[in-house]
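In listed order, ligands and their atoms are each counted from 1. All values reported here derive from a predicted model rather than from experimental measurement.
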Amino acid sequence: MTERTTHAVVLGGSLAGLLAARALADVADRVTVVERDVLPAGPEPRKGLPQARHVHQLWSGGAHAMEELLPGIVGRLREAGAHRLPVTTDMVALSPYGWYRRWAESHHMLLCSRDLLDATVRAAVLADERIEVVQGTEVLGPVGTAAAVTGVRIRTHDSPERTLSADLVVDCTGRASRTAGWLTDLGLPAVERREVNSGVAYASRVFRAPEAAREAFPVVNVQPDPRAGKPGCGGVLLPIEDGRWIVTLFGSRGGEPPTEAEDFVRYAREELRHPVIAELLAHAEPLTDVAYTRTTANRRHHYERMPAWPENFAVLGDALCALNPIYGHGMSVAAQSAVALRDVIRRQGWGAAGLSRRIQRAVARPASAAWDLALGMDVFYPGATENGPTLRDRLLAAYVGRLLYTATGNGRIARRVTDVTSLERGAEVLLAPSVLLAALFGPLKPPLSGPPLTAEERKAAGLR
Ligand SMILES: Cc1cc2nc3c(=O)[nH]c(=O)nc-3n(C[C@H](O)[C@H](O)[C@H](O)COP(=O)(O)OP(=O)(O)OC[C@H]3O[C@@H](n4cnc5c(N)ncnc54)[C@H](O)[C@@H]3O)c2cc1C
C-alpha cells in the first residue's frame with residue numbers, strides 16, 4: 001500500500017505567503033507557492049509589493065515568531081545590515097501625551113528596508129526543497145464545492161489555464177484577495193466585513209544619513225494627537241541598512257503629506273507637532289523621490305464567524321486582516337498566524353474533520369489583538385466609521401490615554417504598554433490591578449521639554 005502524501009498550495013509569495021509555506025513544510029510533504037510576480041533574486045523592488053517603499057518596522061513579537069519558523073533568520077537579517085533597536089531605549093518618540101523617556105530595554109524592533117527583509121526570508125524559505133514557487137503565475141480561483149476545496153486554477157501568461165490539486169489551499173494574496181467573492185461563488189453566505197479608514201496617506205523618502213550617524217541612530221517618531229480636533233499629522237524616521245534613513249510622513253483627511261519632494265521637509269517642519277525630523281533631514285542626502293500611498297484602511301474579514309466553512313481552505317495575512325500601517329503590526333500578525341497554522345495541523349492531523357475551521361479560528365486570534373489596538377485609535381479620526389466612536393470606544397480610549405500619559409514618566413508602565421504594542425503579550429496585562437493603580441497616580445517623573453536625543457546623537461546628526 002502506498003502512503004498518502006500531502007500537498008499544500010499557498011496563494012501569494014509575499015511575507016504571509018512565504019511564512020505560511022515555511023510553516024506548512026513542517027507538516028506537509030510538499031508546498032507550492034503561486035505568485036503573480038517574477039520574484040527578484042535579491043533585495044529588489046517588485047510590482048506586487050508597492051508598500052516596500054515605505055517604512056516597515058518588525059516588532060519583537062513578530063521577530064520571535066519568524067525565528068520559530070526559520071531558526072537563525074534574525075541573525076541573517078542582522079548580518080545583511082538590519083538594525084536591532086531596543087525599545088524604548090533607542091526610541092525618541094513624541095506621544096500624544098508628551099515625549100517618552102528612553103527606558104531600559106523591554107522589547108525590540110528589527111529595522112531594514114522591506115526589500116531586504118523579504119529577500120532574506122525568501123532565500124531562507126526557498127532553500128527548503130519541499131517548497132516550490134510557481135512565479136509569474138496568476139491565481140484564478142479555487143476548485144471545489146462549498147463543502148471542500150480541492151485545488152486552485154492558475155494561469156501563466158504564456159500557457160493555458162491549469163489546476164493544481166491540493167490538500168490545503170491558503171490564501172495570502174493580501175489586500176487584493178478575492179476570497180470573499182470566491183466563497184459566494186461556491187454557494188457560501190457573504191462574509192461579515194468591517195472597514196475603519198482613518199484616511200491616512202503616507203509619503204516616504206530614503207536618505208543617506210550624515211556620516212557620523214550611519215552606524216547607529218535611534219528611531220525618531222512624532223505621533224499625531226487624535227484629541228487635537230484637527231487632522232492628525234505625524235512622521236517616523238527609521239535607520240535601515242547601508243547607513244540610510246527611511247522617513248515616512250503621514251496625515252489623515254485634510255492633513256495629507258505632500259507628493260512633491262520640495263515640500264517634504266517643509267511638511268515635517270510645519271505640520272508635525274515637533275520639527276525634529278525636519279531638523280535631522282537638513283543634514284541628510286535624499287536618495288529617492290517621494291513614494292505615496294493611501295492604502296492604509298483597516299479592513300477585516302471575519303471568516304472565523306462564517307456559519308459554514310469549506311474543508312481544505314484558509315486565509316491569512318492582509319487577505320484576512322489588513323491594518324493601518326502606522327502601528328507596524330501587519331508582518332508580525334502574519335508571522336504569528338503562520339505559527340498558529342502549523343500548530344493546529346500538528347495537533348489535529350491532516351484529514352481531521354473541521355481542520356480548516358479550526359485553522360481559521362486560530363489565525364484570527366493574532367489578527368484580533370492587532371485589530372483592537374488599531375481601532376482603539378482609528379475610530380476617533382473624522383469619517384473613519386459611519387457612526388463615530390461608541391461609548392465603549394470612548395471609555396477604552398480614555399483609559400489607554402491615561403496609560404500612555406503615565407508611561408511618559410513611569411518606566412514600569414512604559415514596559416507594560418510595549419508588552420502589548422510589540423505583540424509579545426495580550427492587552428489584558430494593561431488591566432492588572434498594579435497597572436490600574438499606577439494609571440491613577442500618573443507619571444512619576446516630570447514631562448520632558450524636548451526630544452531626548454543624547455549629546456552624541458545630536459552631534460552625529462549635525463544638530464547643535
Ligand atoms: C504603506 C504600508 C506600510 C506598512 N508598514 C508596516 C510596518 O511598519 N510593519 C508591519 O509589520 N507591517 C507593515 N505593513 C503591512 C505589511 O506590508 C503586510 O502586512 C505584509 O506585507 C504581509 O502581507 P501579505 O503577505 O498578507 O500581503 P502582501 O504583502 O500584499 O502580498 C500579497 C502577495 O500576493 C500576490 N498576489 C496578489 N494577488 C495574486 C493573484 N491573483 N495571483 C498570484 N499572486 C497574487 C502579490 O503579488 C503579493 O506578492 C505596511 C503596509 C503598508 C501598505
Side-chain angles (χ1 to χ4, degrees), residues 9-21 32-40 45-63 65-66 109-115 117-118 121-122 133-142 152-157 164 169-179 181-182 200-204 219 221 236 238 240 246 248-250 257 291-299 315-338 363 366-367 370 374 421-423:
V9 174
V10 177
L11 317 181
S14 178
L15 207 73
L18 289 169
L19 294 174
T32 306
V33 179
V34 185
E35 168 56 49
R36 183 192 277 145
D37 279 353
V38 174
L39 296 168
R46 64 182 178 91
K47 194 164 171 249
L49 199 63
Q51 70 265 42
R53 297 173 72 198
H54 303 275
V55 288
H56 269 77
Q57 61 193 48
L58 178 66
W59 282 99
S60 45
M66 266 192 211
M109 289 178 184
L110 286 180
L111 302 178
C112 62
S113 66
R114 176 65 198 263
D115 288 334
L117 181 72
D118 275 39
V121 169
R122 197 159 59 229
V133 63
V134 180
Q135 317 184 39
T137 301
E138 175 87 20
V139 174
L140 301 174
V152 278
R153 289 180 299 113
I154 60 171
R155 185 181 52 211
T156 308
H157 74 277
L164 277 181
V169 172
V170 182
D171 178 13
C172 297
T173 53
R175 285 176 181 261
S177 164
R178 285 185 278 148
T179 283
W182 290 342
V200 162
Y202 259 44
S204 304
V219 166
N221 183 355
V236 57
L238 301 185
I240 57 170
I246 182 164
T248 290
L249 304 176
F250 55 86
Y292 206 81
T293 184
R294 290 176 184 272
T295 309
T296 61
N298 299 287
R299 189 179 304 138
V315 187
L316 252 73
D318 284 15
L320 174 66
C321 178
L323 298 156
N324 182 345
I326 284 182
Y327 309 105
H329 285 154
M331 298 190 298
S332 291
V333 169
Q336 292 179 340
S337 299
V363 300
T421 55
S422 64
L423 298 186

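For D37, no nitrogen or oxygen atom sits less than 3.5 Å from a nitrogen or oxygen atom of ligand 1, counting backbone and side chain alike. Every N/O-N/O distance between L316 and ligand 1 stays at or above 3.5 Å. Taking distance alone, with nitrogen or oxygen atoms compared against 3.5 Å, G12 stays at or beyond that limit from ligand 1.
The line from CG of L58 to CE of M66 is 4.5 Å long, rounded to the nearest 0.5 Å. With rounding to the nearest 0.5 Å, the separation of SG in C321 from CG in L316 is 11.0 Å. Taken from CZ in R53 to OH in Y202, the straight-line distance is 15.0 Å, to the nearest 0.5 Å. Atom OG of S422 sits about 11.0 Å away from atom CD of Q57, to the nearest 0.5 Å. Interatomic distance, CG of L238 versus OG of S113, reported as 11.0 Å (0.5 Å rounding). Rounded to the nearest 0.5 Å, atoms CG (L15) and CZ (R114) are 5.0 Å apart.
Taking 4.0 Å as the cut-off, T293 counts as a neighbour of ligand 1 on heavy-atom distance. Note on ligand 1: R53 sits outside its first shell, no heavy atom being nearer than 4.0 Å. Ligand 1 lies out of reach of L58, whose nearest heavy atom is not under 4.0 Å from it. Using 4.0 Å as the threshold, T137 has a heavy atom nearer than that to some atom of ligand 1. Residue contacts with ligand 1 include C172, since one of its heavy atoms falls under 4.0 Å from the ligand.
For ligand 1, the atoms closer than 4.0 angstrom to any heavy atom of H329 are 10 (C), 11 (O). Close approach of ligand 1 to G317 (heavy-atom distance below 4.0 Å) involves ligand atoms 26 (O). Close approach to R178 involves these atoms of ligand 1, each under 4.0 Å from a residue heavy atom: 41 (N). Annotation for ligand 1: atoms under 4.0 Å from non-hydrogen atoms of P325 are 2 (C), 3 (C), 4 (C), 5 (N), 50 (C), 51 (C), 52 (C). Annotation for ligand 1: atoms under 4.0 Å from non-hydrogen atoms of G330 are 10 (C), 11 (O), 12 (N), 19 (O). The contact set between ligand 1 and T295, taken as ligand atoms under 4.0 Å from a residue heavy atom, comprises 53 (C). With ligand atoms numbered from 1 in the order given, ligand 1 contributes 16 (C), 17 (O), 20 (C), 21 (O) to contacts under 4.0 Å with heavy atoms of R114. Close approach of ligand 1 to S14 (heavy-atom distance below 4.0 Å) involves ligand atoms 21 (O), 25 (O), 28 (P), 29 (O), 31 (O), 32 (C), 33 (C), 49 (O).
Looking at K47 against ligand 1, nothing comes within 4.0 Å, counting heavy atoms. Both the backbone and the side chain of A16 come within contact range of ligand 1, each with a heavy atom under 4.0 Å. Within the 4.0 Å heavy-atom criterion, neither part of V333 lies near ligand 1. Contacts with ligand 1 closer than 4.0 Å are made by side-chain heavy atoms of L49 only, the backbone lying farther away. Residue contacts with ligand 1, taken as heavy atom pairs separated by less than 4.0 Å, do not involve A322 at all.
The protein heavy-atom contact nearest to atom 52 (C) of ligand 1 is Q51 CB, 3.5 Å. Nearest protein neighbour of atom 5 (N) of ligand 1, counting heavy atoms only, is V55 O, 3.1 Å. Here the heavy atom of the protein found nearest to atom 9 (N) of ligand 1 is Q57 O, 2.9 Å. In this structure, atom 22 (C) of ligand 1 lies nearest to the protein heavy atom D318 OD1, 4.0 Å. Summary of contacts: the protein heavy atom closest to atom 11 (O) of ligand 1 is M331 N, 2.8 Å. Closest to atom 35 (C) of ligand 1 among all protein heavy atoms lies E35 OE1, 3.3 Å. For atom 6 (C) of ligand 1, the closest non-hydrogen atom on the protein side is H56 CD2, 3.4 Å. From the protein, the heavy atom lying nearest to atom 40 (C) of ligand 1 is R36 NH2, 3.7 Å.
Annotation: side chain to side chain donor-acceptor pair (under 3.5 Å) contacts of R36 (sequence neighbours excluded): E138. Every residue was checked against the side chain to side chain donor-acceptor pair (under 3.5 Å) condition with D318, not counting sequence neighbours, and none meets it.
Judged by distance alone, with hydrogens and angles left aside, the side-chain atoms of N298 form a donor-acceptor pair with the main-chain N or O of N324 at under 3.5 Å. With D37 contributing its side chain and R46 its backbone, the two residues share no donor-acceptor pair below 3.5 Å. With hydrogens and angles disregarded, a donor-acceptor distance shorter than 3.5 Å links the side chain of H329 to the backbone of T421.
Defined by atom type and a distance below 3.5 Å, a donor-acceptor pair is present between the side-chain atoms of T173 and D171. Remark: the R299 side chain and the S177 side chain contain no N/O donor-acceptor pair separated by less than 3.5 Å.
Residues W182 and V139 form a side-chain contact, since some pair of their non-hydrogen atoms from C-beta on lies under 4.5 Å apart. Proximity of S204 to V55: side-chain heavy atoms (C-beta onward) are nowhere separated by under 4.5 Å.
Taking a cutoff of 4.0 Å between a charged side-chain nitrogen and a carboxylate oxygen, R122 and E35 do not qualify as a salt bridge.
Counting heavy atoms of neighbouring residues, nucleotides and ligands inside a 6.0 Å radius, atom CZ of R175 exceeds 12 of them.
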